[in-house]
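Here is the structure we will look at, set down as structure tokens.
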Amino acid sequence: MEIHTLPISELRRKQPRFRGLESGHRACLGCGEALAARLVTEVIGPDVMIANATGCLEIFTTPWPESAWRVPWIHSLFENTGAVAAGMESALKAQGRSTKVLAFGGDGGTFDIGFQALSGMLERGHSVLYVCFDNEAYMNTGIQRSSSTPHAAMTTTSPPGKERMGKRHLKKDIVSIVAAHHIPYAATSSVAYPSDIRKKVRRALAIEGPTFLQIHCPCPLGWGHESHESIEIARLAVQTGLFPMIELERGGVAGVMPLRNVRPVTDYLKMQQRFRHLFVEDLRAQEELEHIQAIANHNIEVYGLQGEGKDAFDSEGMDTVRRGGMRWA
Ligand SMILES: Cc1ncc(C[n+]2csc(CCOP(=O)(O)OP(=O)(O)O)c2C)c(N)n1
Ligand SMILES: [Mg+2]
């Protein structure tokens, strides 16, 4: 076992400077959302206000009368986070204050029910960083499928059986839809890459105008894996090409995290109970596995994820290749 021998002053220096979300909340062991929210709030500093949609993150951080937040935080409805954040930003602007506004929502709150409010916020150009904690289902209410649930995944409302092999439809490409609002910055990231999250949050906050970050967050309960496997699974989603790590500026691809060693999708799928029906002797299962591999291949091709030569970074390398010619707003 590795023994840490760093002097205490060095250990303190390595501690994050700011902690917007305290420990001691009620998230499950291995919760991807809890880790992602901690990483985001480490970077944003104290001069912020957050509007948080209904969902796991809101519930597990604020069991009345307690709160794990160390920043001003408001619970919006499930469906109106974008509108609440837009109102907060307008009010602060009218007061001449520089406090940054963030909106937090789950995939259900973002891809589905809160989408209209989000779209309005983006279109009107509010200076808000909207962070979507994407655990690919309505977890808080008992693992119902959302439009973010990946194809063929089992949820309580997309059970595999005679009629279908899990969810019939495809995962919505939310970051492209958001980017199509011509906003200055929209990106994806993953809890498996903490420094990538920090980098993208810093970038987004430095930009005037609406920005968006979708963070892929495994859910041990909803995906059916051990809590200690969350990070490995999140990393495999990226390394298979199923969750491309990209940055979009005003709708154009500005950066990608290339993959040096692309892994087969089965490496990712077989670790999760929500895909267990794909690993049985069944022709339909075989076809679904091929379909999912084709989705990953498509992502790799569309975003040019398989880097070569000097542009090739290992996906462990936590760096993104900047595509030429784009300027940060
Ligand atoms: C208008 C409305 N419909 C339904 C609900 C019930 N509800 C609360 S949280 C939630 C699911 C949240 O899913 P998601 O946004 O993905 O967040 P997660 O819990 O997965 O983090 C639902 C359906 C609600 N609070 N308000
Ligand atoms: Mg969710």
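Indexing begins at 1, ligand by ligand and atom by atom, following the structure's order.
Side-chain contact, Thr62 with Trp69: no donor N or O sits under 3.5 Å from an acceptor N or O. For the 3.5 Å distance criterion, the side chains of Asn297 and Gln293 qualify, holding a donor opposite an acceptor.
In this view, Glu123 and His181 satisfy the side chain to side chain contact (heavy atoms under 4.5 Å, CB included) rule, not counting sequence neighbours.
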Note down each nitrogen or oxygen pair, ligand 1 side and protein side, whose separation is under 3.5 Å; give only atom names and the distance to 0.1 Å.
| from | atom 1 | to | atom 2 | distance (Å) |
| --- | --- | --- | --- | --- |
| ligand 1 | 15 (O) | Gly108 | N | 3.2 |
| ligand 1 | 15 (O) | Gly109 | N | 2.8 |
| ligand 1 | 16 (O) | Asp107 | N | 3.4 |
| ligand 1 | 16 (O) | Asp107 | OD1 | 3.1 |
| ligand 1 | 16 (O) | Gly108 | N | 2.8 |
| ligand 1 | 16 (O) | Ala137 | O | 3.0 |
| ligand 1 | 19 (O) | Cys56 | N | 2.8 |
| ligand 1 | 19 (O) | Asn140 | N | 3.0 |
| ligand 1 | 20 (O) | Asn135 | OD1 | 3.0 |
| ligand 1 | 20 (O) | Asn135 | ND2 | 3.2 |
| ligand 1 | 20 (O) | Ala137 | O | 2.9 |
| ligand 1 | 20 (O) | Met139 | N | 3.0 |
| ligand 1 | 21 (O) | Glu33 | OE1 | 3.3 |
| ligand 1 | 21 (O) | Glu33 | OE2 | 2.5 |
| ligand 1 | 21 (O) | Cys56 | N | 3.4 |
| ligand 1 | 21 (O) | Asn135 | ND2 | 3.4 |

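Aromatic ring centres of His151 and His169: separated by at least 6.0 Å. In this structure, the ring of His75 has its center no less than 6.0 angstrom from the ring center of Trp64. Aromatic rings of Phe212 and Tyr185 (six-membered ring for Trp) have centroids beyond the 6.0 Å cut-off, not under it.
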Criterion side chain to side chain contact (heavy atoms under 4.5 Å, CB included) on Lys270 and Phe275, from CA distance to verdict
CA-CA 7 Å; Lys270 71 182 176 207; Phe275 296 111; over 6 Å; no

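Around the Mg ion (ligand 2), protein N, O or S atoms at a distance under 2.8 Å total 3; waters are neither shown nor counted.
The side-chain tip of Lys171 does not point at the ring of Phe243 from less than 6.0 angstrom away and within 45° of straight on.
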Result block: side-chain N/O donor-acceptor pairs under 3.5 angstrom for residues 27-35, not counting sequence neighbours:
| from | atom 1 | to | atom 2 | distance (Å) |
| --- | --- | --- | --- | --- |
| Glu33 | OE1 | Leu57 | N | 3.3 |
| Glu33 | OE2 | Asn135 | ND2 | 3.0 |

